[in-house]
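Take a look at the structure set out below.
Since the model is a prediction, treat every value here as computed from it, not as a measurement. All ligand and atom numbering here is 1-based and tracks the order in the structure.
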Amino acid sequence: MSKVLVSDSIDQAGIDILSQVATVDVKLGLKPAELIAIIGEYDALMIRSGTRVTQEIIDAGTQLKIIGRAGVGVDNVDVPAATRRGIVVVNSPEGNTIAAAEHALAMILALSRHIPDANASVKRGAWDRNSFVGAEVYKKTLGVVGLGKIGSHVAAVARTMGMKLLAYDPFISTERAEQIGCQLVELDLLFQQADYITLHIPKTPETTHLINATTLAKMKPTARIINCARGGIIDEVALAAALKAGKIGGAALDVFESEPLGESELRSLGKEVILTPHLGASTAEAQVNVAIDVAEQIRDVLLGLPARSAVNIPGLGPDVLEELKPYMQLAETLGNLVGQLAGGRVEVLNIRLQGELATNKSQPLIVAALKGLLYQALRERVNYVNANIEAKERGIRVIETRDASIRDYAGTLHLEATGTLGTHSVTGALLGEREIHLTDVDGFPINVPPSKYMLFTLHRDMPGIIGKLGSLLGSFNVNIASMQVGRKIVRGDAVMALSIDDPLPEGILDEIIKVPGIRDAYTVTL
Ligand SMILES: NC(=O)c1ccc[n+]([C@@H]2O[C@H](COP(=O)([O-])OP(=O)(O)OC[C@H]3O[C@@H](n4cnc5c(N)ncnc54)[C@H](O)[C@@H]3O)[C@@H](O)[C@H]2O)c1
Ligand SMILES: O=C(O)[C@H](O)COP(=O)(O)O
């Protein structure tokens with residue numbers, strides 16, 4: 001019989017499902033070393049946010065087939081390490097949406113009416129009606145940062161309370177925002193105009209410390225900020241300083257840069273600050289939802305069936321998967337690349353299967369391309385199972401074509417993304433059946449394998465330009481691993497594709513564009 005280890009508190013409904021197919025051990029509060037010592041016995045691990053599943057734990061889990069996260073965020077799991085070991089990672093993308101949204105709404109109201117401090121004061125024996133005069137949310141402006149599942153629900157409820165809604169989400173269409181009653185605006189405007197700012201975005205390199213001393217300074221002195229998304233999106237030191245100095249009106253936080261919250265200035269602040277210990281998903285209903293959702297997936301995988309919300313493995317049969325895997329990787333890489341070249345919000349994705357590929361199954365390739373395209377917005381939350389739905393929700397129109405007559409390589413995949421900032425295209429092929437090569441960027445022929453960090457320029461093909469760019473990168477200590485120029489005619493327009501060893505330092509793109517002859521430059525991370 002299989003063995004499942006449950007290392008965080010999970011609703012009994014999930015344990016009951018697992019017990020149908022496995023021996024279930026519930027061991028809470030394990031230290032990392034204790035978990036490493038025993039994980040080798042188990043076929044599955046079921047967790048919430050309390051267990052950090054590091055590469056060391058994954059390596060020690062020699063029998064592990066699946067890690068189930070009873071919740072949304074898998075940022076406490078080293079997903080690439082699990083993927084490398086062939087371990088499926090599943091989550092419950094929607095099981096706690098309502099719970100988290102309602103917690104954010106509760107925070108908005110509790111903050112406005114000083115409920116926690118007023119309650120504590122009465123319980124201490126006082127009857128102080130003067131210290132807790134609050135503010136109404138009616139006709140106030142709510143700025144929703146991140147209009148995904150949770151942000152949309154918060155917005156919809158806030159609207160019924162008579163709030164005016166602004167939203168910032170670069171990956172959501174204006175139509176979708178309007179459906180929810182939100183006006184999509186730039187972040188600065190949202191910061192300037194909102195009375196309440198609620199965060200519902202993933203923590204990514206782009207969103208880390210999105211709320212910092214500079215952005216806090218743009219807000220109204222009465223603004224109240226709510227974070228029920230992820231710790232680290234707010235710079236807590238800057239927030240405490242802004243609150244102390246009266247630069248903003250209040251804050252309600254459910255998540256923290258480091259959890260459990262250690263020593264923090266925030267603890268010493270008064271009724272303008274509410275802190276809860278990561279309770280967003282802690283409702284009876286949500287815990288039943290996520291426990292059942294994830295336990296069913298663990299059961300299925302242990303029985304050899306596919307999982308419905310795998311974050312790292314497509315929900316396809318193993319045979320199809322094996323055959324298509326290299327092409328899916330090609331599609332995903334091209335999707336990720338064209339998404340970053342296009343920038344902004346993509347509205348249309350054209351996918352053309354060319355040459356031998358024209359006779360292939362297209363659906364898995366489309367899903368993989370969309371997964372790549374949406375990666376910048378959703379990170380590990382987009383997977384092969386939800387990529388289609390996520391794209392639809394963002395109003396991305398997918399157009400699929402086939403052209404068997406294009407035979408530059410045996411089979412190529414061509415992706416063209418049109419968005420708010422223009423149109424870009426990329427083409428790629430598999431060399432030797434598995435090695436991905438980029439064969440065309442924006443209509444210019446090249447032949448380079450993609451690398452983690454790349455720089456693309458659009459420039460005039462003229463003497464000296466490569467040298468100037470090389471010297472400029474050198475002056476910023478950027479090491480070029482390889483470089484290739486693609487052009488259609490001599491001394492016409494050309495594209496340069498450079499593989500670089502490290503991410504480009506900030507500000508250097510602006511310097512590159514100033515080099516005479518260079519018209520545009522794009523940096524991407526693949
Ligand atoms: N406090 C809790 O207990 C709790 C519970 C559930 C979820 N969460 C967290 O809430 C957050 C939202 O979850 P969700 O289920 O709504 O996710 P979601 O994927 O449905 O929505 C996230 C939205 O953020 C947008 N986005 C991505 N990068 C952005 C950026 N740089 N700027 C603005 N918008 C950006 C995406 O386009 C997407 O629409 C996540 O961080 C999740 O981990 C917390
Ligand atoms: O990502 C999530 O689902 C939430 O942060 C909830 O985390 P929890 O399961 O530890 O409450």
Side-chain angles (χ1 to χ4, degrees), residues 7-11 14 46-52 68-77 91-104 106-107 143-155 167-173 176-177 180 182 184-187 190 197-211 215 226-233 252-256 259-260 276-283 286-287 289-291 293-294 309 311 339 344-346 373-383 386-387 389-391 393-396:
S7 62
D8 286 319
S9 156
I10 305 290
D11 191 88
M46 188 160 175
I47 55 161
R48 283 174 60 192
S49 61
T51 304
R52 275 211 90 67
R69 159 55 162 128
V72 187
V74 287
D75 38 1
N76 52 325
V77 179
N91 70 348
S92 174
E94 293 180 2
N96 60 27
T97 298
I98 299 298
E102 289 184 358
H103 197 71
M107 291 288 225
V144 184
V145 182
L147 208 50
K149 292 183 283 294
I150 298 171
S152 308
H153 190 72
V154 169
Y168 171 72
D169 188 327
F171 309 104
I172 287 283
S173 66
R176 167 85 185 132
I180 310 163
C182 287
L184 268 191
V185 292
E186 286 306 317
L187 199 50
L190 183 149
I197 295 165
T198 186
L199 306 175
H200 301 290
I201 48 180
K203 185 183 172 209
T204 66
E206 292 76 37
T207 62
T208 298
H209 285 191
L210 181 77
I211 306 299
T215 49
I226 295 94
N227 186 9
C228 292
R230 274 292 175 268
I233 297 173
L253 310 181
D254 183 47
V255 285
F256 301 90
E259 294 181 11
T276 53
H278 202 144
L279 290 182
S282 294
T283 63
Q287 285 314 306
N289 290 344
V290 296
D293 193 357
V294 171
S309 301
V311 303
R345 180 165 50 75
V346 171
L373 185 80
L374 292 172
Y375 181 74
Q376 294 306 315
L378 300 175
R379 300 283 152 166
E380 66 278 358
R381 266 195 304 289
V382 61
N383 58 45
N386 67 7
I389 298 168
E390 295 286 352
E393 281 185 355
R394 282 162 179 73
I396 299 172

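- Of the candidates Asp8, Ile47, Val290, Val72, the one placing a heavy atom closest to atom 3 (O) of ligand 2 is Val72.
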Item to check | Leu279/His103 under side-chain contact (heavy atoms from CB on, under 4.5 Å): CA gap, chis, key distance, verdict | outcome: CA-CA 8 Å; Leu279 290 182; His103 197 71; 3.8 Å; yes
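- A salt bridge does not link Arg52 with Glu259: every distance from a Lys NZ or Arg NE/NH1/NH2 to an Asp or Glu carboxylate oxygen is 4.0 Å or more.
- Neither the backbone nor the side chain of Ser92 comes within 4.0 Å of ligand 2, counting heavy atoms alone.
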Checklist entry - Going through the distances and angles, do Ser9 and Arg48 end up as a side-chain contact (heavy atoms from CB on, under 4.5 Å)? => result CA-CA 7 Å; Ser9 156; Arg48 283 174 60 192; 4.1 Å; yes
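- Formation of a donor-acceptor pair under 3.5 Å by the Arg345 side chain with backbone atoms of Ile172 is found in this model.
- Nearest approach of Met107 to Thr276, heavy atoms of both residues: CE-OG1, 3.1 Å.
- With respect to the salt-bridge test (charged N to carboxylate O, under 4.0 angstrom), the residues Lys203 and Asp75 do not qualify.
- Looking at every heavy atom in both residues, Asn91 comes nearest to Gly71 through CB-O, 3.3 Å.
- Nearest to atom 30 (C) of ligand 1 among the protein's heavy atoms is Thr207 CG2, 3.9 Å.
- At the shortest separation from atom 25 (C) of ligand 1 among protein heavy atoms lies Asp169 OD2, 3.2 Å.
- Counting heavy atoms closer than 4.0 Å to ligand 1, residue Lys149 contributes atoms from both its backbone and its side chain.
- By the 4.0 Å heavy-atom criterion, Thr97 is excluded from the residues contacting ligand 1.
- Those atoms of ligand 1 with a heavy atom of Asp254 less than 4.0 angstrom away are 1 (N), 2 (C), 3 (O).
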Checklist entry - Between Thr283 and Ile98, does a side-chain contact (heavy atoms from CB on, under 4.5 Å) hold up when you go through it step by step? => result CA-CA 9 Å; Thr283 63; Ile98 299 298; over 6 Å; no
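- At a 4.0 Å heavy-atom cut-off, ligand 1 touches Ile150 through backbone and side chain alike.
- Of all protein heavy atoms, the one closest to atom 34 (N) of ligand 1 is Ile201 CG2, 3.2 Å.
- Against a heavy-atom cut-off of under 4.0 Å, Asn96 is close to the following atoms of ligand 2: 2 (C), 3 (O).
- Put simply, the side chain of Ile233 does not reach to within 4.5 Å of the side chain of Thr208, judged on heavy atoms.
- Minimum heavy-atom separation, Ala70 to Met46: CB-CE, 4.2 Å.
- Geometrically, ligand 2 and Gln287 share no nitrogen or oxygen pair separated by less than 3.5 Å.
- Nearest residue to atom 24 (O) of ligand 1 from Ala377, Gly231, Pro202, Ala281 is Pro202 (criterion: closest heavy atom).
- In terms of protein heavy-atom proximity, atom 17 (O) of ligand 1 is nearest to Arg381 NE, 3.7 Å.
- Looking only at protein heavy atoms, the nearest one to atom 4 (C) of ligand 1 is Cys228 O, 3.7 Å.
- Each of the atoms 1 (O), 2 (C), 3 (O) of ligand 2 lies under 4.0 Å from some heavy atom of Gly73.
- Per-residue contacts place Pro170 under 4.0 angstrom from the following atoms of ligand 1 (heavy atoms of the residue considered): 32 (N), 33 (C), 34 (N).
- Within the listing of ligand 1, atoms 41 (O), 43 (O), 44 (C) sit less than 4.0 angstrom from a heavy atom of Arg230.
- In summary, the atoms of ligand 2 found under 4.0 Å from a heavy atom of Arg48, numbered by their order in the structure, are 8 (P), 9 (O), 10 (O), 11 (O).
- If you number the atoms of ligand 2 from 1 as listed, the ones under 4.0 Å from a heavy atom of Ser49 come out as 7 (O), 8 (P), 10 (O).
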Checklist entry - After noting the C-alpha distance and the side-chain angles of Asp169 and Val145, does the key distance pass the side-chain contact (heavy atoms from CB on, under 4.5 Å) rule? => result CA-CA 6 Å; Asp169 188 327; Val145 182; over 6 Å; no
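- Other residues, nucleotides and ligands contribute more than 12 heavy atoms inside 6.0 Å of the CD atom of Glu206.
- Ligand 2 places these atoms under 4.0 Å from at least one heavy atom of Ala70: 9 (O).
- Side chains of Asn76 and Arg69 form a contact here, defined as non-hydrogen atoms less than 4.5 Å apart.
- The shortest heavy-atom distance from His200 to ligand 1 is under 4.0 Å.
- When all heavy atoms of Ser92 and Gly95 are compared, the closest pair comes out as OG-N, 3.3 Å.
- Regarding atom 5 (O) of ligand 2, its nearest protein heavy-atom neighbour is His278 NE2, 2.6 Å.
- For Leu147, every heavy-atom contact with ligand 1 shorter than 4.0 Å involves the backbone, none the side chain.
- Closest to atom 7 (O) of ligand 2 among all protein heavy atoms lies Arg69 NH2, 3.1 Å.
- The atoms of ligand 2 that sit less than 4.0 Å from any heavy atom of Ala281 are 6 (C), 11 (O).
- Of the protein's non-hydrogen atoms, Tyr168 CE2, 3.4 Å is the one closest to atom 32 (N) of ligand 1.
- Between the side chain of Asp254 and the main chain of His278, a donor-acceptor pair closer than 3.5 Å is present.
- Thr207 places no side-chain N or O within donor-acceptor distance of the main-chain N or O of Leu210, the cut-off being under 3.5 Å.
- Under the salt bridge (Lys or Arg N to Asp or Glu O under 4.0 Å) test applied with Lys149, the options Glu390, Glu393, Glu94 reduce to a single match, Glu390.
- Of the protein's non-hydrogen atoms, Ala100 CB, 3.5 Å is the one closest to atom 5 (C) of ligand 1.
- Contact atoms of ligand 2 toward Gly71: 3 (O) (distance under 4.0 Å to a heavy atom of the residue).
- In this structure, Asp11 contributes its side chain and Gln287 its backbone to no donor-acceptor pair below 3.5 Å.
- Counting heavy atoms closer than 4.0 Å to ligand 2, residue Leu279 contributes nothing at all.
- What sits closest to atom 6 (C) of ligand 1 on the protein, heavy atoms only, is Asn96 OD1, 3.3 Å.
- Contacts between Glu94 and ligand 1, counted as non-hydrogen atom pairs separated by less than 4.0 Å, are absent for every part of the residue.
- At a 4.0 Å cut-off, at least one heavy atom of Arg394 sits close enough to ligand 1 to count as contact.
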